[in-house]
There are 2 protein chains.
Amino acid sequence: MGEIALTGVMAALGDPIRVGLVRVLADGRERGWGELQAPVAKSTLSHHLRVLRDAGLTRTRQEGTRCFVILRRQELQARFPGLLQAVLAAAEDEDVGHQVSVKDAAQPA
Amino acid sequence: MGEIALTGVMAALGDPIRVGLVRVLADGRERGWGELQAPVAKSTLSHHLRVLRDAGLTRTRQEGTRCFVILRRQELQARFPGLLQAVLAAAEDEDVGHQVSVKDAAQPA
DNA sequence: TAGCTTGTTCGATGTTTCACGAACATCGAA
DNA sequence: TTCGATGTTCGTGAAACATCGAACAAGCTA
């Protein structure tokens, strides 16, 4: 299940919203669906989150009626050394996915 | 014109054939269209080559009726440090784009 | 000039992706 | 049990994508 295919990952990262999602999750913290703020309908957000999960970029945990996502940093790093950093750096630089953010929730500053 | 956008690059690399093309070009050598061997019609190959060019991954040079492609390694490295290596390494590992190759042509060995 | 080679462009087609709203399933709370 | 919150799934439509074959344009070559 640790299947993470290159083209799948690349394709998943080919969409600004998903890159934004990855950026938001880049701090390694687990986030609840509800915290994720993106300019799309919830069904669409669900879709993007599913694409990320299917591509192996994230992992999902369900707790009661709520879901949580987390970036699979370690696995990613193991399989594609340096890729995540490169993507994140470039995304910062171009401000790709800036439209995605986290709702203030236990934001420690 | 040096515009190389992250999502464009990622999307371009989301197709096995194009990854194969990049692998073949990875040695930094310039190649003629005709040398490129891929299991698609020539119009399709033309299309993929255009996508790569538009994404900023390659550069094309025309000489008479013949065309040559070359990977923009340096620019890529400058804009996305480490990304190309990561992708190439993963592609080798998974053997993505193995269906693409170079016809023996002035192959010095 | 005629013909061959090389690559591009042009539909046509089928698949996939992105997006939305609506309906549905679940869980916890009142 | 009834309600509200949270996600998922479904049906749909528009746009993008991958492919192909055919037609076309441009250079060499005979």
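By convention in this document, chain letters (A, B, ...) are assigned in the order of the sequence lines, proteins followed by strands, and residues within each chain are numbered from 1. What's counted below: heavy atoms across the whole structure, side chains too, no hydrogens, waters or symmetry copies.
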Subject >> Residue among A:Thr58, A:Val69, A:Leu45 satisfying side chain to side chain contact (heavy atoms under 4.5 Å, CB included) with A:Leu21 >> reply: A:Leu45
Interatomic distance, [X] [atom1] vs [N] [atom2] [rounded to whole Å]:
X	N	atom1	atom2	value
B:Gln99	D:dA18	CD	P	13 Å
B:Met10	C:dT17	CE	P	16 Å
B:Asp54	D:dA18	CG	P	12 Å
A:His48	D:dT9	NE2	P	16 Å
B:Leu45	D:dG21	CG	C1'	15 Å
B:Arg18	D:dA16	CZ	C1'	12 Å

**OP:** Among D:dT19, C:dG21, D:dT8, find the nucleotide with the atom closest to the side chain of A:Lys42.
**Re:** D:dT8
**OP:** Measure the CG-CG distance between A:Leu25 and A:Leu57 for me, rounded to the nearest 0.5 Å.
**Re:** 10.0 Å
With a 4.5 Å cut-off on side-chain heavy atoms, are [Y] and [X] touching?
X	Y	result
A:Gln74	A:Gln77	no
B:Leu52	B:Val22	yes
A:Met10	B:Val87	yes

Taking only the side-chain nitrogens and oxygens of [X], find out if one of them lies under 4.0 Å from OP1 or OP2 of [N].
X	N	value
B:Arg50	C:dG7	no
B:Thr44	D:dC20	yes
B:Trp33	C:dT8	yes
B:His47	C:dG7	no

Subject >> Paired nucleotide for D:dT8 [Watson-Crick or G-U wobble; both distances under 3.5 Å] >> reply: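 Across any shown strand, D:dT8 pairs with C:dA23.
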**OP:** Can you tell me the pairing partner of C:dG28 across any strand shown, Watson-Crick or G-U wobble, with both distances under 3.5 angstrom?
**Re:**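 By the stated definition (distances under 3.5 Å), D:dC3 pairs with C:dG28.
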Original post:
What nucleic acid atoms does A:Gly32 come within less than 4.0 Å of, heavy atoms only: base, sugar-phosphate, or nothing?
Top reply: nothing
**OP:** Report, as yes or no, whether the 6.0 Å neighbourhood of atom CZ on A:Arg66 holds more than 12 heavy atoms from other residues, nucleotides or ligands.
**Re:** no
Original post:
Taking DNA chain D as the partner, which of residues 62-70 of chain B come within under 4.0 angstrom of it by heavy atom?
Top reply: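 DNA chain D contact set from residues 62-70 of chain B: B:Gly64, B:Thr65.
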**OP:** Ignoring hydrogens and angles, answer whether the base of C:dG7 and the side-chain atoms of B:Ser46 contain a donor-acceptor pair closer than 3.5 Å.
**Re:** no
Original post:
How far apart are the closest heavy atoms of B:Ala38 and B:Val100, and which atoms are they?
Top reply: CB-CG2, 4.2 Å
**OP:** Select from B:Leu49 and A:Asp15 the residue whose nearest nucleotide in DNA chain C is closer to the 5' end of that strand.
**Re:**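 By nearest-heavy-atom nucleotide position, the 5'-most residue is B:Leu49.
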